[in-house]
2 protein chains.
Amino acid sequence: MSMTEERPQRADARRNREAILRAARHIFAKDGSQAQMDDVAKRAKVGVGTVYRHFPTKEALFEALAVDKFDRLARFADEAMEIEDPWDSVVTFLKQAAAMHASDRALSEVFRDHGDFMVGTAQDCGLTDLGDRLVQRAQAAGVLRKDIRGSDLGMICCSLGDLGAVPVWSWERMLDIVLDGLRPDGTQSELSA
Amino acid sequence: MSMTEERPQRADARRNREAILRAARHIFAKDGSQAQMDDVAKRAKVGVGTVYRHFPTKEALFEALAVDKFDRLARFADEAMEIEDPWDSVVTFLKQAAAMHASDRALSEVFRDHGDFMVGTAQDCGLTDLGDRLVQRAQAAGVLRKDIRGSDLGMICCSLGDLGAVPVWSWERMLDIVLDGLRPDGTQSELSA
DNA sequence: GTGGAATCGGAACCTGAGTTCCGATTCCGC
DNA sequence: GCGGAATCGGAACTCAGGTTCCGATTCCAC
């Protein structure tokens, strides 16, 4: 079934592919999905045609990068699980994820504009499961309110995502408020579905 | 200095202007700033040329609507000040503002993409002051943590804004969490700047 | 009712950005 | 080295969507 055979590419092709990915990562992080293919090509020191040979469409390039990002998020979650203190591990993960959002405009846009794609990708790279585990561990230790679900971590990231765009506000401050809302103690309302 | 004299417009012109605004409100709420001028014209049952006579540019039309929205937000804040219970009044305002975001894609985009414009407009229509008053009243009554500023209300709205785009998540749930983070009691961290 | 000024409508124009195409160039097995 | 196949580069094409233009139409003062 697999159409993508591992045919050996020519050396220059492989080199260019890497250059394109590196350039695209930079340009998309800066300009979001509005970034232009010409700019990517220019930064990769390559013609536009070359970009299109490696990625048939702008959307394809964008997705390739997005999958990368989710893998990185999954790695963050993995590392966070290593932290002994369960609360710290949730906080650390959220901080890293949010910082990543803040430095990458494209990531926020994926979260906002491609909800279904995002859910699928998070599932595939194990991020969904890792999120659940992070949450359950903290709840078992009694340091996280019981009515939080793993998917709430994604929701929180998404909501912090676009704060980076407005210089007046800081996602760090917002995250602090949200974190206090996640604690098990204190007067609390009942969360809506 | 004022160039905008109140010259009486012809009846059909005034009628068309209203139709265009009504149509634009609907189309922009649905499609955000990606909305197309042709669609606005079609919905207003008017030619594109007519739209452009009333609003010299797409941007101008967009801004006219945005100012409207901020006036409405200011009215919400005003009404919220009438509520006796200071905590309720903050909650009510946030709920109304967030609901407005959820039903209006363009509003979220203004918050995200035109930060400075937004800050200026909020100032002009009195929303900034009203927010400060809402916050201070609640703090004086001891029902809102002391380290919250009026501008945090805007930040919260902004962060809730784009949750509406992803159907998996609900801004109501997120707002519940945030509200618990705003309460004065319970274990709390120190907010970052 | 009539004249002319204001307004309308929408085809045509223009620009920007994604994509294609093909001659030039580079790589690699012999 | 040589030959040809894979790859490159970037000018040119395409298409979508904002904006303009001007003949047709509508309104209002007289």
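Residue numbers start from 1 in every chain, and the chains themselves are labelled A, B, ... in the order their sequence lines are given, proteins ahead of strands.
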Both B/A11 and B/T57 contact DNA chain D. Which one's nearest nucleotide lies toward the 5' end? B/T57
OP1 or OP2 of C/dC8 versus the side-chain N and O atoms of B/H54: is any pair under 4.0 Å? yes
OP1 or OP2 of D/dT7 under 4.0 Å from side-chain N/O of A/T50: no
Within this structure, what is the CZ-to-C1' distance between B/F55 and C/dC8, rounded to whole angstrom? 16 Å
Euclidean distance, atom CE of residue B/M37 to atom C1' of C/dA12 [Å, nearest integer]: 17 Å
Please state how far atom CD1 in A/I20 lies from atom C1' in D/dG9, giving the value in whole angstrom units. 12 Å
Interatomic distance where CG belongs to B/D38 and P belongs to C/dG9 [whole Å]: 13 Å
Give a yes/no answer on whether the side chain of A/R10 brings an N or O atom under 4.0 Å of OP1 or OP2 in D/dA5. no
Ranking C/dG9, C/dT26, C/dT7 by distance to the side chain of B/D12, first place goes to C/dT7
Is any NZ, NE, NH1 or NH2 atom of the basic residue among A/D104 and A/K30 found under 4.0 Å from an Asp or Glu carboxylate oxygen of the other? no
Of the listed D/dC8, D/dC27, C/dG18, the closest approach to the B/R15 side chain comes from D/dC27
Test of understanding: clusters of I, L, V, M, F, W, Y form through side-chain heavy atoms closer than 4.5 Å, transitively. Do A/V91 and A/I83 belong to the same one? no
Going by heavy atoms in the side chains, are A/K58 and A/V40 under 4.5 Å from each other? no
What is the distance, to the nearest angstrom, from the CD atom on A/Q36 to the P atom on C/dT19? 12 Å
Find the distance A/I27:CD1 to C/dG18:P and express it as a whole number of Å. 12 Å
Nearest to the side chain of A/R53, heavy atoms from C-beta on, is which of C/dT19, D/dG9, D/dT19? D/dG9
Reckon B/A44 touches a base, only the sugar-phosphate, or nothing at all at heavy-atom distances under 4.0 Å? nothing
Please work out if B/A41 contacts a base, only the sugar-phosphate, or nothing of the nucleic acid, heavy-atom cut-off 4.0 Å. nothing
Please confirm whether the ring centroid of A/F111 lies under 6.0 Å from the ring centroid of A/F70. yes
Tell me whether A/R149 is salt-bridged to A/D132, with the criterion being a basic N under 4.0 Å from an acidic carboxylate O. no
Categorize B/N16 for me: base, sugar-phosphate, or nothing, with a 4.0 angstrom heavy-atom threshold over every strand shown. sugar-phosphate
Distance, rounded to the nearest Å, where A/Y52 contributes OH and D/dT14 contributes P: 16 Å
Return the value, rounded to whole Å, for the distance between atom CG of B/L61 and atom P of D/dT19. 10 Å
